[in-house]
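Note sheet for the following structure.
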Amino acid sequence: MTGATAGPAGTGTDRSVGSPILHVDMDAFFASVTLLERPELRGRPVIIGGGTRGVVLSATYEARAFGVRSAMPLARARRLCPPALVLPPERHRYHEVSTRVMAILRDITPLVAPLSVDEAFLDVSGSRRLFGTPAEIARLIRARVLAEEGLTCSVGVAPTMFVAKIASTRSKPDGLLVVPAGGVLSFLHPLPTSALWGVGQATEAALDRLGLRTIGDIADCPLPTLQRALGQAAGAHLNALAHGRDERAVDPGSTEVSISAEHTLSVDSSDQDALARELLRLSGQVARRLRDRGRVTRTVSIKIRLADFSTLTRARTLREPTDVSQEIYRAALELFHEAGFAGKAVRLVGVRAANLADAGGAGHQLAFDERPVGWSQLDRATDAAGRRFGTGSVGPASLLPRQPRRPESI
DNA sequence: TCTGGGGTCCTAGGACCC
DNA sequence: TCTGGGGTCCTAGGACCC
């Protein structure tokens, strides 16, 4: 590619000084994990996704050969690839495998920053004495993940996070690509603008209107022109990236900014009671995850998507932070009623908690008329029952299935 | 083609305070 | 009567990522 590469066989030499960042990215992760227990499906096009209104979550490379891509509506994927087998996701298993893969990475260095279940950044600058050059470390990781989990991954090695990320993408599947410090610009500049992290459809179109097609074009474009077209922050950001500059460091300790739960209904609904029950369920999920993490929220928001796919959000900042299911639900329900679109067909509802803080430092001031202790105790009892009997085993009576009028559903 | 669910970050406008 | 600038917080929407 640029003379800076090592192929899948891992034959590349790595004599550069500054290539301490690795980006490790599992190949077709969900599909590959599912195939571990279905070896007879190897070599066949397999798609992971589900539901009547689902999208493609993951697809084997055999399915991708038909044009199937992740996030594509399942209906379209089936048309593109009729022989594909569509299997439902098994999130619990993905999580388990992910935990073990991350543990392999933490054997190399504590400086591991997971980006999602199936990818992570590593800063290996302190690991060379023990494990060798960054390229040798990358080969070691790939060999261990394959030997211990039966899965392939691709690894990018570069002086900065975003170049390492692009490198792993360009080496997929089952590849390794090293971009030494001296080779960053010659690696980046021929690539299309969309290869940059943060350039999606809208930004690509805006860049295209400026006549910018490659990352090299962005590097040659005057900063003020870029900022006029994309805004201050985005313009400056892309300008820096196009010149290979990226100051971010691998941070293993970053904490969440928000926690949310949302659900697309299987059929659009304008039934206010049914939508309120969904808000109750989602509020409970969000609150439980807050308590699991020892966090409280001050800002509750709801998200509503109508049948025409238009999406609106409404937010409210509370007087006091909370992790109590009932308080989050009360705020969500008020926002829902105030939004004032009764009668319209709703496709999706969501609840989000933002403005988070640690529960310990939250010094709750009780108003005289408040009795939150009861609700809080109910949550704790529900949490304990969930741990014993399984999540969802105990919950509000209004979430119980409605009594069927006729026993036909049994 | 008919669009999931979990997130992050940025922008812009308004309220409010100094 | 007309006219500031800056800072912070909040809300709504949108782009983007996996």
Side-chain angles (χ1 to χ4, degrees), chain A residues 23-30 47-59 67-81 88-89 91 94-95 98 113-121 161-162 165-166 168-169 172 193-207 227 229-238 248 251 254-266 268 282 285-286 289 298-319 331 335 338-339 347-356:
Chain A
H23 180 255
V24 178
D25 196 352
M26 304 299 294
D27 298 321
F29 183 57
F30 292 2
I47 294 171
I48 306 298
T52 51
R53 302 169 123 177
V55 298
V56 174
L57 299 172
S58 178
V68 173
R69 295 289 177 268
S70 69
M72 176 182 279
L74 270 183
R76 180 167 180 227
R78 286 182 206 268
R79 265 193 303 277
L80 281 172
C81 185
R91 296 184 191 278
Y94 307 148
H95 196 259
S98 173
L115 195 60
S116 66
V117 282
D118 66 340
E119 56 183 297
F121 287 103
M161 289 171 64
F162 93 99
K165 165 97 173 141
I166 296 175
S168 71
T169 304
K172 278 186 164 296
T193 59
S194 58
L196 279 182
W197 208 21
V199 176
Q201 257 191 30
T203 309
E204 188 184 6
L207 291 170
Q227 288 181 312
L230 305 175
Q232 288 291 314
H237 184 60
L238 287 196
R248 292 170 307 162
D251 177 8
S254 61
T255 49
E256 288 151 313
V257 171
S258 69
I259 291 175
S260 66
E262 61 183 51
H263 181 64
T264 297
L265 308 170
S266 55
D268 296 344
L282 296 168
Q285 275 183 27
V286 167
R289 281 154 54 189
R298 270 192 67 222
T299 305
V300 174
S301 61
I302 61 165
K303 173 171 162 182
I304 303 291
R305 176 167 289 154
L306 302 177
D308 67 2
F309 222 71
S310 60
T311 305
L312 57 88
T313 60
R314 292 291 181 270
R316 167 153 308 160
T317 296
L318 312 173
R319 286 214 318 277
L335 289 165
E338 289 162 14
R347 176 188 180 92
L348 169 149
V349 287
V351 174
R352 188 171 95 103
N355 227 330
L356 306 185

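Side chains of A:Ser266 and A:Thr52: a donor-acceptor N/O pair is absent below 3.5 angstrom, by distance only. There is a side-chain donor-acceptor pair under 3.5 Å between A:Ser258 and A:Arg352.
Residue contacts for A:Arg305: at a heavy-atom cut-off of 4.0 Å it reaches the sugar-phosphate backbone alone, with no base atom in range. Residue-level contact check: A:Lys165 touches the backbone only, with heavy atoms under 4.0 Å from sugar-phosphate atoms and none from bases.
With distances taken from any side-chain atom of A:Glu262 to the nucleotides B:dG7, B:dC2, B:dG5, the minimum falls on B:dG5. Checked against C:dG13, C:dC18, B:dC2, the side chain of A:Trp197 finds its nearest nucleotide in C:dC18. Among the nucleotides C:dA12, B:dG4, C:dC17, the one closest to any side-chain atom of A:Ala315 is C:dA12. The A:Arg289 side chain lies nearest to B:dG6 when the options are B:dC2, B:dG5, B:dG6.
Summarising the geometry, the separation between CG on A:Leu74 and C1' on B:dG5 is reported as 14 Å, rounded to the nearest angstrom. Rounded to whole angstrom, the span from the CZ atom of A:Arg76 across to the P atom of B:dG4 amounts to 15 Å. Rounded to an integer number of Å, the gap from A:Arg53 CZ to B:dC2 P is 12 Å. If you measure from atom CD of A:Glu119 to atom P of B:dG6, you get 18 Å, rounded to the nearest angstrom.
Within the shown strands, C:dG5 is the pairing partner of B:dC18 under the Watson-Crick or G-U definition, both distances less than 3.5 Å.
With respect to the salt-bridge test (charged N to carboxylate O, under 4.0 angstrom), the residues A:Arg314 and A:Glu338 do not qualify. By the 4.0 Å N-to-carboxylate-O rule, A:Glu262 lies too far from A:Arg305 to be salt-bridged with it.
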